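All remarks here apply to the structure that follows.
Worth saying up front: this structure is predicted, and the values here are computed from it rather than measured.
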Amino acid sequence: MEVTNDNGCSWLKDLPSRTNIKTLQSNEDCEWLIVGAGYTGLSAARKLAQLYSDKKIILIDAQLAGEGASGRNSGYLVDTTLNDGFTSNKELNNYKKKADIYKLGINVVKKFINEHQVECDWNECGKYFASSRLEDKKILTNFSDTLIKLGFEHNLLSKDELSKKLGTDFYNTALHTKGGILLHPGKLVRAMIDILPKNVCLYENSHLLTWNKTKDIISCEFKNGKINTKKIIFATNGFLKSLGIKSNYNFPITLTASMTRTLTDDEFKSIGQPKEWGVLPVRPMGATIRMTKDRRILIRNTAEVNNPYKMSKSELNKRSVNQKMGIKKRFPQLPDDIIKSSWSGIVSRTRNSSQIFEKIDQNVFAAGCYNGSGIGVGTLFGEQIAIKACNENSKEIEIIEKRNKPTWLPPQPFLNLGVKTRLIYERLRARSEI
C-alpha cells in the first residue's frame, strides 16, 4: 500500500520546492540498495558513497525524500529522555546505555552541520520536562537523582521561574536539561538530500511492493520497475513492520501536530517575549510544545493506533481541535484562529523502547525504531549500519550493540488491543497536560 501524506506540515512548507525528482521507471542493478530516504537512509547512503566511491548506490523512498517522519517531527535533538514509550528508566545502567547513544547521535549531527555549513536553526538551549501538576515534582526529583548520577547538567524550576522563561503560567514544575538541542527538522533533512554524493541515485515516490533473496541476489519489485542488488539496507523506521522486517518486534504509532502562524509583535509582547524554548511532557501522553525561533508555537498532543499509510483531512481536522485546546490552555490571550497548519506523522516503537540495528540475513541489514529520538539516533544508526554492512566495526557500533535488544511483541489482534488500551490509560493519566 502506498503512503499518502497530508501536505500541511509547516516545517516542509518553509522549504523551497525541489526540482529534478526521479521516480523508478525501469529495471536496475546495483551494488547497494537503501530503502527509505529519511535521516537513516540518507546517512547510510552518504557513508557508503564515501567508502565505495566507484560503486552504484541506489536510495529509494515510497514518498518524497525526507518528507516522512524526518521532516515532520518536533525538532528535538535529545540528550536525555524521561519517557521512552511505555517504560520508565529504573535501571541506571540501561539508562546510561541509551544516553550514550543519544550523545553519539548529537555528535554525528553536529559533525554533519559543521562539515557542510548547514543552517537549520540550531539552538543549544536545552529542553524542559514540565507539568501543570505539582504532584509530578516527585517524578522530576527522582529523574534529577538519575541525572546527577550520570553527570548531566540540569536544574529544577518553580512556577514563577517557568512563567518568565516560557511566557505561560500553565506549568507548575519542570526540570531543564542543558544538553538538548532544538532545530528545524525540515532544513536539516533537506541539507542531507542536497549534498548526496554523485554515485548515489535517488528515486522517490517509488513504493516497494515485494522483495526476496535468491542466493546472493536480492530482487525488489516496484510498480514501474525492478531492482536487483547485492546488498540491501532497510531504513524505513515506522514501516519496517509492513516490509516484514522484525515484524514481531516493532509497531507504528500515528502522531498529529499543529503550528501557529508567526505571532504579531503585540501577541508576542503579551506572553513576555520569551526566547526559543521546547517543553516535553512529564507524563507519556502529555503535550510536546515549542516556541520556535521565528515566534511560532508548535504543539503535538495526540498519539494513536491508526492507519499509518494515510490520514484524511477530516480526521486531521478533528485532531487539530485538541491542539487548539492545548494552545488556549497555555496562552488564553492568543486568538482562536491562530493555528495555521496541522499534519500527521509516524513513529516506530518497540516494547522496551530499544532500537533495531542488525543484520537480518546475509547481505540484509536494518536500522530503525527510534521511539521518538530519530534525529540524532537515526542519523547515527544510518552511518553505522552502513559500516556494519561492510563487515567493518567501529567504537560507535560497539556502544550501540551494548543496548538492550527489542523484546518480542504478541501477535494481532492482541498487539493492537494492548497498545490501544495502554494509550487510553496514559491519556487519562495525562488529561490535564493535553
Side-chain angles (χ1 to χ4, degrees), residues 3 5 12 18 21-24 28 30-52 55-73 105 108-109 112 116 185-186 188-208 211 218 220 222 227 229-243 245-246 250 252 345-348 355-360 363-370 373-390 400:
V3 181
N5 271 331
L12 300 176
R18 288 176 55 225
I21 294 169
K22 298 178 181 179
T23 301
L24 183 67
E28 300 262 5
C30 63
E31 190 80 15
W32 296 90
L33 174 63
I34 303 165
V35 183
Y39 293 123
T40 303
L42 290 162
S43 182
R46 190 167 63 251
K47 175 55 68 174
L48 286 175
Q50 292 170 359
L51 297 173
Y52 298 100
K55 300 294 184 181
K56 182 178 180 180
I57 299 163
I58 294 179
L59 174 62
I60 200 159
D61 201 286
Q63 49 199 318
L64 291 176
E67 295 200 7
S70 293
R72 291 168 171 264
N73 63 76
V108 75
V109 175
F112 171 80
H116 298 282
L188 176 61
V189 75
R190 176 63 63 86
M192 292 183 179
I193 295 167
D194 290 344
I195 59 86
L196 280 172
K198 292 181 178 179
N199 60 321
V200 176
C201 180
L202 173 62
Y203 290 119
E204 303 170 77
N205 294 325
S206 303
H207 183 74
L208 176 58
W211 68 281
I218 301 153
C220 298
F222 297 83
I227 298 177
T229 183
K230 294 180 181 179
K231 290 188 177 184
I232 189 168
I233 294 174
F234 289 99
T236 54
N237 198 28
F239 298 98
L240 285 172
K241 186 179 181 72
S242 66
L243 294 173
I245 305 297
K246 301 292 288 184
N250 71 100
I346 304 298
V347 295
S348 184
Q355 308 94 356
I356 293 171
F357 179 90
E358 62 187 272
K359 180 178 181 180
I360 303 298
N363 295 336
V364 180
F365 299 84
C369 211
Y370 305 121
S373 58
I375 296 179
V377 181
T379 303
L380 169 70
F381 275 35
E383 178 182 278
Q384 297 303 316
I385 199 68
I387 294 172
K388 185 179 178 72
C390 297
I400 292 169

For Ser43, side chain to side chain contact (heavy atoms under 4.5 Å, CB included) partners two or more places apart: Arg46, Thr379, Glu383

Side-chain donor/acceptor of Asn205 to backbone N/O of Lys22, under 3.5 Å: no

With Lys56 via side chain to side chain donor-acceptor pair (under 3.5 Å) - residues at least two apart: Glu28

Working for side chain to side chain contact (heavy atoms under 4.5 Å, CB included), residues Arg18 and Ile193: CA-CA 10 Å; Arg18 288 176 55 225; Ile193 295 167; 3.9 Å; yes

Any residue meeting salt bridge (Lys or Arg N to Asp or Glu O under 4.0 Å) with Lys359, in chain and number order, not counting sequence neighbours: none

Exercise answer: donor-acceptor pairs, residues 30-39 side-chain atoms, under 3.5 Å, sequence neighbours excluded:
residue: Tyr39; atom: OH; partner: Ser70; partner atom: O; Å: 2.8
residue: Tyr39; atom: OH; partner: Pro185; partner atom: O; Å: 3.3

Ile21 CD1 to Thr23 OG1 distance, which is reported to the nearest 0.5 Å: 8.0 Å

Spacing of Lys47 atom NZ and Cys390 atom SG [to the nearest 0.5 Å]: 9.5 Å

Results of side chain to side chain donor-acceptor pair (under 3.5 Å) for Lys246 - residues two or more places apart only: Glu358

Qualifying residues under side chain to side chain donor-acceptor pair (under 3.5 Å), relative to Thr236, sequence neighbours excluded: none

Nearest-0.5 Å distance that lies between atom CG in Leu380 and atom OG1 in Thr40: 9.0 Å

Between CG on residue Leu59 and CD on residue Glu204, distance to nearest 0.5 Å: 8.5 Å

Separation between OH of Tyr370 and CG of Asn237, rounded to the nearest 0.5 Å: 6.0 Å

Least distance between heavy atoms, Ser348 atom then Cys369 atom: OG-SG, 3.1 Å

Heavy-atom pair with the smallest gap, counting every atom of Ile346 and Ala69: O-CB, 3.3 Å

Straight-line distance of Asn73 CG to Ile375 CD1, nearest 0.5 Å: 4.0 Å

Donor-acceptor under 3.5 Å (Ser206 side chain, Tyr203 main chain): no

Derivation and outcome, side chain to side chain contact (heavy atoms under 4.5 Å, CB included), residues Leu208 and Phe222: CA-CA 5 Å; Leu208 176 58; Phe222 297 83; 3.8 Å; yes

Whether Phe357 and Phe381 hold their rings parallel, tilted or perpendicular, with breakpoints at 30° and 60°: perpendicular

Working for side chain to side chain contact (heavy atoms under 4.5 Å, CB included), residues Ile245 and Phe365: CA-CA 9 Å; Ile245 305 297; Phe365 299 84; over 6 Å; no

